[in-house]
Amino acid sequence: HLMEFDGVLAHEAVEANFYKYQPFLRRAVVEFVRQHKPAMVRWDGGKEKEFWVAFVNLPRVHRLRELKAENIGQLTSFSGTVTRTSEVRPE
């Protein structure tokens, strides 16, 4: 819905500078929940819950091989095929 509301904001704040704006987006979600469902902000023990922001159906989908260092800090959607998996074991 953000793309429909403001495409420039969606690209600049969410895609291109996601790492920079993520803390503000998370804080906005906490404040929204606090206003509309105050009981959901804290666990039974009184500790405040963490809320995360997720975006789906990004307009650009990159191939896994196209990911470069310039994508660091950006919200990037990518596709690829898993051809092999292995178990990760601590050294």
Side-chain angles (χ1 to χ4, degrees):
H1 301 305
L2 183 59
M3 280 298 266
E4 295 170 8
F5 176 71
D6 189 339
V8 174
L9 174 67
H11 174 72
E12 290 300 317
V14 176
E15 280 186 79
N17 296 298
F18 182 72
Y19 189 73
K20 178 179 178 181
Y21 289 105
Q22 182 192 27
F24 303 106
L25 293 168
R26 289 185 60 200
R27 203 170 313 140
V29 170
V30 171
E31 291 305 316
F32 179 84
V33 174
R34 189 169 283 146
Q35 282 182 355
H36 297 282
K37 297 278 187 177
M40 290 184 66
V41 176
R42 298 198 176 276
W43 294 104
D44 289 337
K47 185 177 178 186
E48 192 165 286
K49 293 180 181 178
E50 288 187 70
F51 291 89
W52 297 88
V53 178
F55 295 94
V56 295
N57 298 326
L58 294 175
R60 285 181 259 159
V61 178
H62 300 277
R63 301 233 359 110
L64 194 53
R65 292 178 185 243
E66 295 172 351
L67 291 180
K68 306 285 185 222
E70 64 195 32
N71 297 111
I72 293 173
Q74 296 181 0
L75 184 62
T76 305
S77 183
F78 60 92
S79 67
T81 303
V82 176
T83 57
R84 187 177 344 147
T85 63
S86 64
E87 199 174 314
V88 176
R89 296 186 182 138
E91 294 182 20

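Computation of the quantities below employed the complete heavy-atom set of this structure, encompassing side-chain atoms and omitting hydrogens, waters and symmetry-equivalent molecules.
Through side-chain heavy atoms spaced under 4.5 Å, either directly or across other Ile, Leu, Val, Met, Phe, Trp or Tyr residues, Leu64 is tied to Leu67, Phe78.
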### Query
Lys49 and Val33: side-chain contact (heavy atoms from CB on, under 4.5 Å), yes or no, with the steps?
CA-CA 11 Å; Lys49 293 180 181 178; Val33 174; over 6 Å; no
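Atom-to-atom distance recorded for Thr81:OG1 and Arg63:CZ is 6.5 Å, nearest 0.5 angstrom. To the nearest 0.5 Å, the span separating CZ on Phe51 from CE on Met40 amounts to 5.5 Å.
Annotation: side chain of His62 is not in contact with side chain of Ser77 (no heavy-atom distance under 4.5 Å).
In this structure, the side-chain contact (heavy atoms from CB on, under 4.5 Å) partners of Thr85, at least two apart in sequence or on a different chain, are Val82. Applying the ring pair (Phe, Tyr, Trp, His ring centres under 6.0 Å) rule to Tyr19 yields no partners; only residues at least two apart in sequence or on another chain are considered. In terms of the side-chain hydrogen bond (donor to acceptor under 3.5 Å, both in side chains) criterion, Glu66 has no residue partners (sequence neighbours excluded). In this view, Glu70 satisfies the side-chain hydrogen bond (donor to acceptor under 3.5 Å, both in side chains) rule with no residue, not counting sequence neighbours.
Cluster annotation: Val41 and Phe32 are assigned to distinct hydrophobic clusters (Ile/Leu/Val/Met/Phe/Trp/Tyr, side-chain heavy-atom contacts under 4.5 Å, transitive).
For the residue pair Trp52 and Arg26, the shortest heavy atom distance occurs at CH2-NH1, 3.2 Å. Of all heavy-atom pairs spanning Val30 and Glu48, the tightest one is CG1-OE2, 4.3 Å.
Among residues at least two apart or in separate chains, there is no side chain to side chain donor-acceptor pair (under 3.5 Å) pair with a member in residues 35-45.
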